[in-house]
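Encoded as structure tokens, the structure appears first; notes follow it.
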Amino acid sequence: MKKMKKSLSLVLATLMSLSFVSFHACESTTEESKEKEEKKIETYDVTIATATGGSVTADVSEIEQGKDVVFTIVPADGYVLDSLTINGGEVMVNGNTYVFRGVLCDLEVKAKFVEPNITVLFDTDGGETIESKKVVLGETYGELPSARKSGKRFLYWADKNGVQVRPTTVVSGEGEVTLTAVWQDVTDKEKEGLVPYSATTAYYDMAATKYGVVFHTKTEPITPQIRVTATHDATTGEPDFTSAVAFDCDYEPWFEEYVVNGVVENLEFATKYSVKFGDASADVWSKTYTFTTRDEEIAETRFYYVADSQETHLMDNKTDIYKVIGDTYWSVTMTDAVTRFPDADFIAHGGDIVNHGAESLYWKEMLGSVEEYLFQYPLMITPGNHEGDGWYSAGYECVGKMFNVQVSSNTEMGFFYSFDYGPMHFVSMLSNDVYYHYDGMYTQEQLDWLRADLAAANENPNTKWIITMAHQGILIPSHTEGKMTSNDYSTLTYPQIMPIFDEYNVDLFLYAHNHYIDSTYPILWTNEVEKTVYDSYIKKDVDYYRIDLATTQTEKTEYDGDLVDEFIYPQGTTRRGTVMHQTGTAGDQYNTTYTKDKLAENLEAKKYYRMLLSGGKNAINPNMESRGYSMYSYVEVLQDKLVCRTYGVDVEAQVVSPSLDNGIYLDGFMLTK
């Protein structure tokens, strides 16, 4: 018994000694072990058997353990895929690709292709003709087309016994099978609900050759379409829609309505078109709009800049005024702009189109009031805070459900996009998520997108001028003496955005939100900071970047009958700076705080602002006892110069007695290159 204990003790001691040695051996060769482990990752072969009537390819022939393999299936003409098996087991394939996920062994793939042996004929009962389809006996029908017939809503396809046929229905019969469309009458009430409203158009793509269209309906659409024709009667000029090209649209529910969006493309340059949109099945259409597409080569461009149209007479308790006006301030202001300057290419809107972005009625009235300008002047918008967050709005939904542009950068509260038009590169920046989120700053993703977009514009030899637009400015003056800026937002975003503007030669930055007009001298970026007292909700000391100017020298120059300030740069100037310009409200929310007298007190602001003016009563025209001016800017981008002029419109006087005399020239500036 004692011998056994002694032997056991010896064994344990030996094991402990071996463990100690083993531990140190592992510790000293950790890196080597890791390399060995990495080398032990299994790889597997992917083998595909040859098939008749089609082919299957894989993106790899050898795959590491746990990785995915993508198979592409291509039937030959006259064949369809009957089955795809992997290691003897059949898999379900949708479309022409199949992904095998997490490979753990060699893969042997076999495909069987067959010739369809049943012809499916589609009887539309007087509707639009649909081509026949080939299917395989004993297989499912697969995707089935939708039928269209004026005044009817398509329900489903039925076989010879009246039984509904679905994509999953198994094919039976011999030779030919006829499916008949089953219809439902579109009622007058449904047709009434399919009348389009809240329609917008925008340049959809970077080249500004496609039109993104949005319209709304109260009833769920049946066959939403946009129809475009270039054929017109030689005598009357009336459009011939019998030869129109139809663009099918997508739709989705939103609140208590439906949003329809589509893209009009493949248009010829410098061509007159007529267009209408609505529902083909219900035969319900919008009015007909006529427009002429842009020239292929554009030497110059012109556009209207408006912002903060906002108010309508729906719920704002201004009955005495609106008994006279009966329309929106924006539409009356735009009438002055279009009458005075009919050659614009589009409208740029700096945001806050309506006062309550989540209210359909506000959009319906505000957009409806300017519907005559659809297509003729596409509406390029940047989201405002009333299209942003809060009780009066619905966030990104507001903008995405009202305007259809090819989004370059999606964000929570709206979108970034850009387009080229002649010598100009135009960028719409989002400021809503900065205003409400992210600690009042742009995200790195947004800044990266902006840098990349502007870098590409700088490399484009056709780009002579770069214009950016956002609802919130990055340098917002205060009317309080000694204050550099009016809110935290501009204090935080100025050092984010200004270096990018300076590096990539942004000429003009358009902004809005404050309901008054201002323009800076050309501003340069500087890294130097200074301590200043800044007051938002509480007083505090902040480090604020000092503002450098490219020039404060201007020369009065007559341009098209108006005196504008032309910036004169010192000889040898290479960094020309960015001019920041805000137009006053195109609506009726006149800011009476920013009067000339008040702004004159702010010597700090006057260092970098050459013009500050409210649209409020007595601020512009001392002869106006109570009324103010709604405003718009007209921007001309030519090869060698950029001219921005701003006008005020006495809307109430214009409604009573329409005349260009109810509009006055307020301010203008010119940049030259």
Side-chain angles (χ1 to χ4, degrees), residues 191-202 211-219 221 224 226 249 251 254-262 275-279 284-291 304 306-316 318-319 321-339 346-347 349 351-381 384 386-387 392-394 398-404 585-589 630 632 649 651 654-655 658:
K191 290 182 179 180
E192 183 180 340
L194 288 171
V195 175
Y197 62 89
S198 293
T200 64
T201 56
Y211 286 77
V213 181
V214 174
F215 61 91
H216 294 226
T217 64
K218 293 300 292 183
T219 301
I226 306 166
C249 301
Y251 72 90
W254 186 52
F255 290 118
E256 296 180 354
E257 57 186 345
Y258 293 87
V259 180
V260 185
N261 65 81
V275 59
K276 60 183 180 180
F277 42 86
D279 201 287
V284 174
W285 301 98
S286 67
K287 62 179 285 188
T288 298
Y289 301 91
T290 301
F291 69 104
Y304 311 113
V306 296
D308 301 291
S309 43
Q310 284 176 273
E311 294 285 1
T312 69
H313 66 265
L314 284 172
M315 305 174 195
D316 295 312
K318 296 183 179 178
T319 54
I321 296 177
Y322 286 107
K323 283 178 183 176
V324 178
I325 294 177
D327 210 335
T328 65
Y329 274 70
W330 179 27
S331 65
V332 177
T333 302
M334 283 306 307
T335 298
D336 184 276
V338 171
T339 304
F346 62 93
I347 302 169
H349 198 299
D352 283 3
I353 286 186
V354 297
N355 213 33
H356 300 270
E359 295 286 348
S360 175
L361 285 175
Y362 276 83
W363 287 102
K364 187 174 183 180
E365 180 171 78
M366 189 63 79
L367 295 174
S369 71
V370 293
E371 69 171 354
E372 63 185 291
Y373 307 125
L374 284 177
F375 289 98
Q376 185 180 2
Y377 304 110
L379 184 57
M380 312 307 294
I381 183 179
H386 284 256
E387 288 90 45
Y392 44 65
S393 193
C398 253
V399 186
K401 300 299 185 292
M402 293 294 169
F403 302 93
N404 188 16
T585 172
D588 69 336
Q589 291 194 346
S630 298
Y632 66 89
V649 181
V651 173
Q654 183 75 346
V655 170

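Heavy-atom basis, side chains included; hydrogens, waters and symmetry copies ignored. Just so you know, residue 1 is the first one in the sequence shown, and it goes up from there.
A 4.5 Å side-chain heavy-atom check between Y329 and V649 finds every atom pair outside the cut-off. Contact annotation: the side chain of F403 never approaches that of H349 to less than 4.5 Å [non-hydrogen atoms, C-beta and beyond]. Under the 4.5 Å side-chain criterion, counting only non-hydrogen atoms from C-beta, Q310 is not in contact with M366.
Remark: T200 OG1 to I381 CD1 distance equals 9.0 Å, nearest 0.5 Å. Atom OG1 of T201 sits about 12.0 Å away from atom OH of Y377, to the nearest 0.5 Å. To the nearest 0.5 angstrom, F215 atom CZ is 9.0 Å from N261 atom CG. Taking CD1 of I347 as the reference point, atom CE of M380 lies at 11.0 Å (rounded to 0.5 Å). Here the NZ-CZ distance, from K401 to F255, works out to 9.5 Å after rounding to the nearest 0.5 Å. In this structure, OH on Y258 lies 10.0 Å from CG on L194, to the nearest 0.5 angstrom.
Ring geometry for Y362 against H356 counts as tilted: the plane angle lies between 30° and 60°, on a 0 to 90° scale.
Contact record, Y304 with V338: OH-CA, 3.4 Å, taken as the closest heavy-atom pair. Minimum interatomic distance between L379 and I353 (heavy atoms only, all atoms of both residues): CD2-CD1, 4.3 Å. When all heavy atoms of E257 and S360 are compared, the pair lying nearest together is OE1-OG, 3.0 Å. In terms of heavy-atom proximity, T333 sits nearest to S630 at OG1-CB, 3.2 Å. Residue I226 comes nearest to C249 through the heavy atom pair CG1-SG, 3.6 Å, listed as atom of the first residue, atom of the second, then distance. Residue A202 comes nearest to N404 through the heavy atom pair CB-O, 4.1 Å, listed as atom of the first residue, atom of the second, then distance.
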Derivation and outcome, side chain to side chain contact (heavy atoms under 4.5 Å, CB included), residues M402 and E387: CA-CA 10 Å; M402 293 294 169; E387 288 90 45; over 6 Å; no
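Annotation: side-chain contact (heavy atoms from CB on, under 4.5 Å) contacts of S198 (sequence neighbours excluded): H216, W363, K364, L367. In this view, S331 and D327, T328, S369, V370 satisfy the side-chain contact (heavy atoms from CB on, under 4.5 Å) rule, not counting sequence neighbours. S286 is linked by a side-chain contact (heavy atoms from CB on, under 4.5 Å) to P196, K276, F277, Y289, counting only residues two or more places apart in sequence or in another chain.
A donor atom on one side chain and an acceptor atom on the other are found under 3.5 Å apart for T335 and Y373.
Counting non-hydrogen atoms of other residues, nucleotides and ligands closer than 6.0 Å to CD of E192 gives a total of 12 or fewer.
D308 pairs with exactly one of N355, D352, D588 by the side chain to side chain contact (heavy atoms under 4.5 Å, CB included) rule, that one being D352.
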